[in-house]
Amino acid sequence: MGLESLLWLAALAAALPQDGQSDQQTSLVVAPQLQPDSHNTTYWPWRPLPWGEINFLHTTDSHGWLEGHLNEVNYGADLGDLASFMEHMHDKADQYNVDLLVVDTGDLVTGNGLSDVTNPQGRVSNKIFRNLPYDLLTIGNNDLYDLEVTKGIRTDLAKIYGDRYLTSNVDVNIDGKNVSIGHRYRYFTTKHGLKVVAFAFTLQEFARPSWVSIQGHETVIDTPWFKEAMSKEADLYLLLGHADVAESCKVAHPRYGGKENPLICMKDWFRQNKPNIPLQVLGGHTHFRKFKCYDGGSSGLESGRYSDTVGWLSLRDIAPSGSNNWNGSRTITGVDMPTRTCPPSTTTSSSTEVDSKVVRLDRRYLDFNRQTFAYHAIGATGPEVPSRFDTPLGLKTTDDVYNARVNLNLTQVLGCAPRTYYLFSEIFNCPGNIFPMVRLALNTTVNRDNQPRLILMGTGSIRYDLYKGPFSVGDSYTVSPYDDAFFYLPNVPYSIAKQVLCKLNNDTSTSCETEDPVGPCKMSESFYSTRPNEGLSQQEPLINNLHIKEEFNPGHVTADDFGNCSISVSSLSCGDDTKHRDVPEKYHFPSYIQSQGNIDKGKTQTVDLVFTSHVNGSIFKLSLINQIYTPSDVRYYMDKSFTTRTFLQEYAKIAWTQNATSSCAIGP
Ligand SMILES: *[C@@H]1O[C@H](CO)[C@@H](O)[C@H](O)[C@H]1NC(C)=O
Ligand SMILES: *[C@@H]1O[C@H](CO)[C@@H](O)[C@H](O)[C@H]1NC(C)=O
Ligand SMILES: *[C@@H]1O[C@H](CO)[C@@H](O)[C@H](O)[C@H]1NC(C)=O
Ligand SMILES: *[C@@H]1O[C@H](CO)[C@@H](O)[C@H](O)[C@H]1NC(C)=O
Ligand SMILES: *[C@@H]1O[C@H](CO)[C@@H](O)[C@H](O)[C@H]1NC(C)=O
Ligand SMILES: *[C@@H]1O[C@H](CO)[C@@H](O)[C@H](O)[C@H]1NC(C)=O
Ligand SMILES: *[C@@H]1O[C@H](CO)[C@@H](O)[C@H](O)[C@H]1NC(C)=O
Ligand SMILES: *[C@@H]1O[C@H](CO)[C@@H](O)[C@H](O)[C@H]1NC(C)=O
Ligand SMILES: *[C@@H]1O[C@H](CO)[C@@H](O)[C@H](O)[C@H]1NC(C)=O
């Protein structure tokens, strides 16, 4: 991969304070490019983007990843590179005489140190994020779990973006009053005269705090503001949403009492009541690349997660014919334009079908790297990104991101991860799966004088893969962002303690694994249910990858309503902008894992039953435990400051430092 020879220490020495302390007060100036400790991609797009009368750049679920992915070649750009890209694409739209809107659909916190290390989350990262010239934004569920976080979003983002920040169905109780964080809707005319009415709907199906209320579609359509919005003359309805674009209106099996997916219910309402006005959905929340055709005049796009994707969407046949007010271009000489349409709905009645306008459109999922951005923005075709790509705003934003990383102590490298550990892309408990490493890290670091112990953790604590290469404090947050301390019950009979894991997992099978796995890795598919959490991919595994050149970088291979990249990554209908070898995210795992320390199965009588604060509630639901112990028996096992965020830092310092003194290559 050409990168094997990369000497990271040499590269870092120039720009990085090695101990995270030396440069606290210095405001660092950064080279005009991505973060200095990031990498360039080795593959870039092979065909230009199609442009229509109105075009969209879409980001979603960035979860604080403003610095991009330092140890992954595909996604090495940062927020500054994205800012430069947006500005160039706006210029290009002007040159083509068409419209471009830039949209984000929420979840700005939880999942990265830049957003999570501050109190409240987002205190620093929101002020950097808002450098970007977004036309429309909305709020995600992760922005709504903590009142202080939500208040921060309100003052630092919603108030700054003004009528561009939309929350059509979210109310938050602040100081005894229900307030809308953003505007309910936005009616505007694009640069070239298209009349757009935009809304934003957030999902209901999450653990909503009592101070948050998420309205359903029936409530929304009865409001005076909605009636006002409906009285506006429109060429296009735009529905942003922090919600799944591929669900149906009704939630089939709610876990959190959500009655509906308001985004989809509203889409259905519009298609029923305004079938002749095209409608575009831009959604999020599930962390996939997705494109869904609803009918000839409407479709939905979702654009990945964690700053790994920028979604592109281009629409044609939106502009009214014979309008004096629209002065855009219907055709652009020498530029690809969308030729495809979504099939008509099979459920719409024939009378509405007659009125319904058909839109020509296309979509593309762009990898989040500078070569991709420069290729589409200024036609750069090689590994070198010309310096004219970097705009002053882009450079400033890159500096802001880097300075924040340094000031928040995220850049300190703790060791060299010897391989990549996958969450969903490798079988549970196989080498290369993250959990054997996590278990070992727990055993190594959660330890009091080598006392016999069983350590229990919820697998939901682990949120992302850990990639081969320099492992920094920042990486410990992307892999395990939550701040759960380690508690314990002392001197629990081993005969009882060893049953807890299977009970927590509701695993009643006789083969339930209470021990650390030994021998060849295996997975009892029958038992491990799909984790209800976001993040598990429905992207298709690549069955026959012989035709895909081995040297392509591993990455997303997406199947959507306009094409299946698994059949051919080189097909014009494939939505992925860069050809990849698939790393399907398809494996499931149990809800809880256990690590054993210093247990001698023949001899050990009692153990310390150690568990994270997140697991505490579930432990006390087990009769096995609550018949003997009460919550007052629970103590801290480690110092309060030692948490699920820090155990990997401690482990890296112990296990991965030898390798950190020589070259530390990232993986493919
Ligand atoms: C705020 O909205 C919730 C949910 O609709 C409602 O139960 C509550 O009474 C409202 N509070 C105020 C102060 O209006
Ligand atoms: C196109 O029309 C808009 C208003 O609808 C106007 O602001 C803009 O200047 C016009 N552009 C050109 C190139 O005529
Ligand atoms: C990335 O590419 C640029 C040229 O575009 C080069 O200056 C830089 O050194 C490269 N970065 C790394 C980490 O290889
Ligand atoms: C960063 O580390 C320094 C030195 O250890 C410390 O004083 C400072 O509080 C830390 N900052 C943050 C945000 O943790
Ligand atoms: C767990 O840690 C102990 C030291 O406390 C060590 O003796 C033991 O080998 C470790 N177990 C595993 C599976 O690494
Ligand atoms: C186990 O079952 C209980 C009771 O039905 C349920 O509350 C809990 O969520 C289940 N746990 C898992 C890990 O499936
Ligand atoms: C995409 O193609 C693969 C390989 O032919 C197939 O297994 C998969 O089911 C397809 N996916 C969809 C959504 O059609
Ligand atoms: C642990 O859970 C029990 C039962 O829900 C609860 O009463 C107790 O306060 C919890 N302890 C801590 C430290 O969170
Ligand atoms: C160091 O890296 C090599 C390969 O890169 C690996 O085999 C070895 O296990 C690593 N050592 C440690 C302590 O991680």
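Both counts, for ligands and for their atoms, begin at 1 and track the order of listing.
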Enquirer: Between the side chain of Ser84 and the main-chain N/O of Thr391, is any donor-acceptor distance below 3.5 Å?
Expert: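 Yes.
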Enquirer: Please verify the inter-ring angle class for Tyr75 with His556; under 30° counts as parallel, over 60° as perpendicular, anything in between as tilted.
Expert: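 Geometry flag for His556 against Tyr75: tilted rings.
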Enquirer: Which of these passes ring-ring contact (aromatic ring centres under 6.0 Å, His included) with Phe487: Tyr636, Tyr637, Tyr629?
Expert: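 With Phe487 as partner, ring-ring contact (aromatic ring centres under 6.0 Å, His included) holds for just one option, Tyr636.
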Enquirer: Assess the side chains of Asp400 and Asn131: does a donor N or O sit below 3.5 Å from an acceptor N or O?
Expert: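 There is such a pair between these side chains.
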Enquirer: For ligand 3, which atoms have a heavy atom of Glu384 less than 4.0 angstrom away?
Expert: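 With Glu384 as reference, the close atoms of ligand 3 come out as 4 (C), 5 (O).
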Enquirer: Counting only non-hydrogen atoms of the protein, does one fall under 4.0 Å from atom 14 (O) of ligand 8?
Expert: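 Yes, because at least one protein heavy atom sits under 4.0 Å from atom 14 (O) of ligand 8.
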Enquirer: Can you tell me which residue among Tyr464, Phe368, Tyr477 is in a ring-ring contact (aromatic ring centres under 6.0 Å, His included) with Tyr306?
Expert: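 Among Tyr464, Phe368, Tyr477, the one that satisfies the ring-ring contact (aromatic ring centres under 6.0 Å, His included) with Tyr306 is Tyr464.
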Enquirer: Any idea which atoms of ligand 3 are less than 4.0 Å away from a heavy-atom of Pro383?
Expert: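 Those qualifying, in numeric order: 5 (O).
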Enquirer: Examine Asn40 against ligand 3 and note whether any of their N/O atoms are separated by less than 3.5 Å.
Expert: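 Yes; at least one N/O pair falls below 3.5 Å.
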Enquirer: Give the residue and atom name of whichever protein heavy atom lies nearest to atom 10 (C) of ligand 8, and the separation in Å to one decimal.
Expert: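 Answer, as residue, atom name and distance: Asn616 ND2, 2.4 Å.
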Enquirer: Measure from atom 5 (O) of ligand 3 to every heavy atom in Val73, Asn369, Val385, Thr41 and give the option owning the shortest one.
Expert: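 Considering heavy atoms of Val73, Asn369, Val385, Thr41, the nearest to atom 5 (O) of ligand 3 sits in Val385.
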Enquirer: For atom 4 (C) of ligand 8, grab the closest protein heavy atom and report residue, atom and distance to one decimal in Å.
Expert: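 For atom 4 (C) of ligand 8, the nearest protein heavy atom comes out as Phe620 CB, 3.9 Å.
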Enquirer: With heavy atoms of Ser38 as the reference, note each atom of ligand 3 found under 4.0 Å away.
Expert: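 Going through ligand 3 atom by atom, the ones under 4.0 Å from Ser38 are 13 (C).
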Enquirer: Going by the angle between their ring planes, with limits at 30° and 60°, are Tyr145 and Phe206 parallel, tilted or perpendicular?
Expert: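 Answer is perpendicular, since the angle exceeds 60°.
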Enquirer: Is it true that Glu426 and Arg419 have a side-chain N and a carboxylate O under 4.0 angstrom from each other?
Expert: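 No, no charged N to carboxylate O under 4.0 Å.
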Enquirer: Going by the order shown, which atoms of ligand 8 are within less than 4.0 Å of some heavy atom of Phe487?
Expert: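 Once the distances to Phe487 are compared, the set is 12 (C), 13 (C).
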Enquirer: If we ignore angles and hydrogens, is there a donor and acceptor under 3.5 Å between the side chains of Ser595 and Asn443?
Expert: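 Their side chains do not contain a donor-acceptor pair, so the 3.5 Å distance test is not met.
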Enquirer: Going by the closest heavy atom to atom 11 (N) of ligand 6, which one wins out of Asn506, Asp507, Thr459?
Expert: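 Result: the heavy atom closest to atom 11 (N) of ligand 6 is in Asn506.
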Enquirer: In the protein, which heavy atom is nearest to atom 7 (O) of ligand 8, and how far is it?
Expert: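 Atom 7 (O) of ligand 8 sits closest to the protein heavy atom Pro631 CG, 3.6 Å.
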Enquirer: Counting each atom of ligand 6 from 1 as listed, which ones have a heavy atom of Ser591 under 4.0 Å away?
Expert: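 Atoms satisfying the 4.0 Å criterion: 13 (C).
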